[in-house]
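Take a look at the structure below.
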Amino acid sequence: MNDVTVNLAKGASRRFQQITQFIAPISLLSLVSIATLLQPSFLSINNIQDILTQAAPLALVVLGQAFVILVRGLDLSVASLMASAAVLATAFNATSDAMIPVIFLVTIVASACVGLINGLLVTKRNVSPFLATLAMMIVLQGIRFYYTQGAPSGSLPEGFRVLGAGRLTGIPVNMLVFFLFFFILGWLLHKSSFGRRVYITGGNPKSANLVGIYADRVIIICYVISSLMAGISGLILVGFVGTVDNWVGRGYEIDSIVACVLGGIMLNGGKGTLWGAVTGALILILMFNIVIILGLPVQAQLIIKGIIIIFVAGLFSRSIQT
Amino acid sequence: MIRLDGISKIFPGVKSLDNVSFEARAGEVHALLGENGAGKSTLIKVISGAYIPDDGTIYFNGKKSKWTSPKGAKDAGIHIIYQELVLFHELSVAENIFIGEAPLTWFGTIDYKAMYERAEEILDRLGHHIDVQALVKSLGVADQQMVEIAKALVGETKLLVLDEPTAVISGREAEILFERIKLLRDEGVCIIYISHRLEEIFSIADRVTVLKDGQLIDTRGIEELDRDQLVGMMVGRQLKDVFPAKKIPSRQVTPVLAIRNLCAPPKVKDVSFNLYAGEILGIAGLVGAGRSELAHALFGSIPRSSGTVTLDSEIFNTPSPRESIDRGLGFLTEDRKGEGLMMLLDISANISAPVLSEFTTVTGLDRAREVQVAKDQIHRFRIAVPSPGSGVSTLSGGNQQKVLFGRWTKACRRVLILDEPTRGIDVGAKVEIYEIIRQLANDGLGILMISSELTEIVGICTRVLVMREGFITGEVEGSQIIEEVIMKYATTESDSVTTGIGDVLIK
Amino acid sequence: ADSYVGLPRTFLWNPNFNEVIDTSSYAGDGPFKIGFSNASQGDGWLGTFYHSVQYGVSQNLDKIGEFIVTDANGDPTKQISDIQDLLEQGIDLLLVNPATADALDPILGRTMRRGVPVVTVARRVESDSSFVSFVTASDTALARMSATWMAEILNGKGRVVLLPGLAGASPAEMRLEAAKEVFAQFPGIEIIDTQYTGWSPANGRQIMAAIIQREGANNIDGVWSDSGLQGSGSVEAFIGAGVTGTDIPPHTGGDLNGMYQLAHENGFPFAGIDYTPSIGAAAVQLSVDVLEGTPVPQRLDVNFQIVISPGHETRSISADVLLPEYVAVDRPGELIMGSGIPNYDPTSFSVELPN
Amino acid sequence: MMLSKSNNRVRRLKLDPSLIIVILLLAIVIVCGFFLNERFGTMRNFMNVLEQSSGLGFASIGQAMVVIVGGIDLSIGAIITASTVFMAAVVDVHPGLMIPMIFGTLLFGVAIGFCNGYLTLKTGVHPLIVTLGTASILNGSVLIYTLQPTGGVPYWFEEFAYGRIWNVPISGAVMIVCFALVWLFLHYYQTGRAFYAVGGSPEAAHLCGIQSNRVILLAYSASGFFAALAGIYFVSRTGVGDPRIGDPITLSSITPVILGGLILGGGKGNIFGVLLGVIFISLLSNLLNYMNISTFIQWVIQGVIIIIAVSVYVHKGKNL
Ligand SMILES: Nc1ncnc2c1ncn2[C@@H]1O[C@H](COP(=O)(O)OP(=O)(O)OP(=O)(O)O)[C@@H](O)[C@H]1O
Ligand SMILES: Nc1ncnc2c1ncn2[C@@H]1O[C@H](COP(=O)(O)OP(=O)(O)OP(=O)(O)O)[C@@H](O)[C@H]1O
Ligand SMILES: [Mg+2]
Ligand SMILES: [Mg+2]
């Protein structure tokens, strides 16, 4: 092996990593600059908090989705699960804040079960993740609507409003919840051995098995994480909005996948960071804000979104190819 | 026939071909040699139009070539058998053979009847019988390689390139292949042949071109060269002793690993043997004999149907790779990329993978220690890498294999299973790997080594089991370990099951 | 005063002649088999509307022998298939809540030509010949009244945000058009933004938050919303931005109890008009009339009432009922008002139905 | 030689194993239907179902072709929507252009499909993302043009969606003919076989001299073509161009493809299975309607059946 080749190769891989790492942050920064140019007050603390508050529910879902995509999966059931979790939470008709832990516990357990079923279908029955979670989305929707008969009702303790829309010494509470999970899951993915197992499983499931990793177990856990995040996000969103709605979170299944891709997580698994995924979520939310700031009709948002998706994803694959 | 003039091909960070000029004539077998990563496959892909060279010209039949895609080269009469199998698993054998050029009916539809007949005809010519309507996915690798070779016999071929065609087929099939190659050569076809097996080169090549690090070393007639010279050209230094001296371990009473009546349908049938610490036990046999499956069954990565496995006098019958690793087994598989390395991860992560829990602390993975271990292994096996944090995808085959050795020597305490540990690896790296294996045995590991290269089985193993059709058909030891004896067990009918195996079993 | 001094309001009423349809050709002996093709039960309003339909059926148990329901989940093509399936089952009358105003025209025309009478509810289709009668509450009147109230409570000048419902849905478009028409008569009213909300509280909140961010909360003088579904989101956005109580600018929008509760708690000027789900029961009643041969109007407008926060009645819009009397303080915010069902509670609602 | 040939025939007659499950599903629905509802098992009803399934059928043919080459097309719904609006808006103003506009709309679909293919190849982005992007752009453009259903077509054009010849629905017949042609193409033409090769491994196909790029472009263009055809069917069925009509089709076009034995990842499967999948889904919905089951329960039943059906196949690990 001659050293020149090694050094060249090293340089190339460095450069490659540098480029991919910066695509998402640079896209985000350019959006922020555009917004600031259009609206100088954009960078005020208040507004940043506001945007983070808006982004928190999506970002939470994205955290989970990232895990699933890293192990070569896809979770289309997240949005449906968000609404189902919200409906389940109101089913208690609780009014006292003392019930909050109970509501949380029950919702979380139920969400985890959904993830477990998704994971089992994908691993043990080899169902394509796309279809398994799509079917799960429809089933959840059916159960939810059957229970509510289309018109959700029931009430939540006041504490939920604090969770979704309240502030703790000026900092939005749902943002704190997001950061809590961001740190926990970030640690899990990037610092713990479970995270390493996720990358190994996503990168090469066959070798994962051969080095003694129970790949199926890792994949199932990823689906459970995704469902948990969706469930929690559903609770937060219901607290944010104040009323339950059978379609809470509609569209988040696609948006969360798009956010992951914008943040540099490869759909083929095994590559990408949680930080990137969250950046992707912020890009989406910012885009939405800019459209409003510009006073454009909401439809324009669709067009801009489409262009950004193709453009940024194209940058990623370009930087990987060359 | 074909002349390359000053070809260069640069990949980001790698100059795969550096101003290479080379020429092959009609009616000759021209061998292309070089270490892993020397640029042989790249050169082939430049000829086929799969890669566009950054510099230089290709002349085909005296004219400047015009093609810019494999289709163009194919139309010009160039046929290439690539190193990786280029087959479609969901299509039938015949469809694969005739891919893109199937016989057509009047309406322009595919004439399946004619296609099947002609496919059978071609396979007949290769002396290899496969159901032409079977889907390729149902075939073993050897059959698949034959389908790949059959593709070359469709249509008029002026230039035939074979990139390591014998890597997975047996001696008998290789013989037939060589006969066909010679026939084609005599018909005036130009043949470029790539292989790491030097014996083959001496038996069929007329001229040899050696590449090293993307540069042309020389082109010579085969009669001008002997083996040592050739190796010298390839690695740039003289290699005298390819194999380290054998060291027969003193026979302990209890084997480290004892297998009794192990079955793992459909490939592994009633296998029994013992493995002692410090020995290198070879498993020889033709491709498809079930050796890899035996290894997988042992390691727990495919299910066993019956039989017992005893490790250090402790029976363990609930096998899973995890369990096996925890008990001190290691398994270096034959498919380096598909089943071995994690291409997206760095070297240290690749090394620590089987024993992640060792590096787990309350605060997460102990990266520092992981990197330290990787550094130790890089040092120990002299892996040519810039740092433990660099990716494995940019390494050469030999260095990738050494990373896997680094992984398993870290994880494995008792028995290391090696499946084709030198497949597709150049001579220089091979020598180092043989030394590593020897060293590991000396350190007290029991080594089970599967290999299709008889020379290395003969050169390094202290005892050899021979498999055929899922059974162990023979065991040879000491001076008995010669190619003829092994081949006899690997090919003849089962009446020759020796008493040798019985001896081992009596305890 | 001896003469009317307010704004002209005659245009509030439909100037078209409302024909009376002779239904004797459809008359038959009960019990009848009625097919109901529902567009969707996808939100709170639609859920309550469906309950109202069921309530209507339960009031006519002696006449309705079979009541078959399909639900197209908002997809007009599925609704066409649903209608074909209903016809195949030999229904006597088709009651339909069309998913969109136009797409069902061909199939309803075909249904009528087959001799099966069609009654549309909530939305109509293009051709008069495609149905016998249309039961609705007037979107136009609803929007004109709420917009007029908004203009007057602002004394004819101010910066107003319009929050219509689902883009492209005909009720939303009709309401938006009517509101714009009204605002156009007040040169002092500036419409600073119009954003569709999909009748979703979450969207309403997000969009309003962005607009507040852009304009500043103090520079928004009023929010016209065609329903409380998104209107509640808008109020939440103001509260989220630190604007509470009576500082919240005037809002419109009914339907959702949550909206009434917010208005009640905070005390800002508010006018709520429900698009009453009780049109469901009315449509069932009218369907039975058709099958009995009773003449029916071609268009039946169900009356609604105007709810206004105390002290905020304007010159031309006065309250039918004041907010504190209307709001259901201790009921869930998701409750849809105006169902017309006695003691309505969506979770426990259940009536006796045929079969 | 003789022996092996007769063997050949026997093998050809053997049922494609990937079809077994969908055939079984169909049989179960039909048998259940006969017992559960006396009106279900009539010829009239089956013809109705055939007519109703055409829209999904057209969309699924295109989806299947893309899936075979290893892609996925999430822009089908948007192409359908755009085609309906495009066609209805133009024909509304120029009724004389009805026939040319049929071709114009199909061409429009092909053009969008071609863009999808081109972008996938040029950018190297996963097709799921590319088609999501184009779908977003298309939907946005259509909604800017109109929020409400617009336009109209001549009355006689309804016959495509509702007309019958000898009691056979025209649209259903056209759908079956399309399936047959595509099947013929995929199994008896070199380019058709190349679809499977490219889906199996695009790099290998390239090395074999197959022009993978052309095949991929062809697949996406075909998907656009059939999406536009579905759009035309919907215009005929609803009489208008509707800016939302395609939304639900995107995801639902994938279900019959997978029920029919194709795998996301490509290279495998019989288009005939997709037809059976389409009919199964329409029959199931029809039967559940007949049984007067609440839509919500219908969702649950459909989801569960899909999960059970698909988990019976054991696919080797392909992505997505
Ligand atoms: N597509 C590619 N992208 C980047 N580098 C490449 C690519 N293909 C080959 N290389 C690099 O070019 C060099 C030559 O590779 P090549 O495959 O031609 O070697 P080879 O002589 O065929 O080796 P082997 O004996 O292992 O088959 C290697 O360093 C390899 O890493
Ligand atoms: N149809 C196939 N497709 C993919 N891989 C295959 C196929 N058949 C066999 N293999 C793999 O190829 C390898 C060769 O296995 P096989 O049982 O044919 O021979 P073997 O005795 O293990 O010989 P060798 O070790 O020399 O390859 C095994 O790892 C097996 O899993
Ligand atoms: Mg090579
Ligand atoms: Mg093997």
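Computed from a predicted structure; not experimentally measured. So that the names make sense, note that chain A is the first sequence line, chain B the second, and so on, each numbered from 1.
- Within the 4.5 angstrom heavy-atom criterion, atoms from both the backbone and the side chain of D:I144 approach chain A.
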Go through the steps to decide whether A:C222 and A:L70 satisfy the test side chain to side chain contact (heavy atoms under 4.5 Å, CB included), and finish with yes or no.
CA-CA 9 Å; A:C222 287; A:L70 277 173; over 6 Å; no
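- Across D:V304, D:L251, D:I306, the residue that shares the most heavy-atom pairs under 4.5 angstrom with chain A is D:L251.
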Begin with the C-alpha distance, continue with both residues' side-chain angles, and end with the deciding distance and a verdict on ring-ring contact (aromatic ring centres under 6.0 Å, His included) for A:F145 and D:F296.
CA-CA 6 Å; A:F145 273 86; D:F296 310 144; 5.2 Å; yes
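- Within the 4.5 angstrom heavy-atom criterion, only side-chain atoms of A:L121, from C-beta onward, approach chain D.
- The shortest non-hydrogen separation linking A:Y223 to A:G115 is CB-O, 3.4 Å.
- Heavy atoms of other residues, nucleotides or ligands lying less than 6.0 angstrom from OH of A:Y214 number more than 12.
- A donor-acceptor pair under 3.5 Å is formed between the side chain of D:T81 and the backbone N or O of D:G246.
- Looking at D:L138, neither its backbone nor its side chain comes within 4.5 Å of chain A, counting heavy atoms on both sides.
- With a 4.5 Å cut-off on non-hydrogen atoms, D:L147 touches chain A through its side chain but not through its backbone.
- Applying the ring pair (Phe, Tyr, Trp, His ring centres under 6.0 Å) test to D:Y220 and every residue at least two apart in sequence or in another chain returns nothing.
- The environment of CZ in D:F108 is crowded: more than 12 heavy-atom neighbours from other residues, nucleotides or ligands sit within 6.0 Å.
- Proximity to chain A involves both the backbone and the side chain of D:T255, based on heavy atoms less than 4.5 angstrom apart.
- Contacts between A:L134 and chain D at a heavy-atom distance below 4.5 Å involve the side chain alone, from C-beta outward.
- The shortest non-hydrogen separation linking A:S227 to A:V114 is OG-C, 4.0 Å.
- No donor-acceptor distance shorter than 3.5 angstrom exists from the side chain of D:Q63 to the backbone of D:S223, with no hydrogens or angles considered.
- Within residues 130-137 of chain D, the residues having any heavy atom less than 4.5 Å from a heavy atom of chain A are, in residue-number order, D:V130, D:L132, D:G133, D:T134, D:S136, D:I137.
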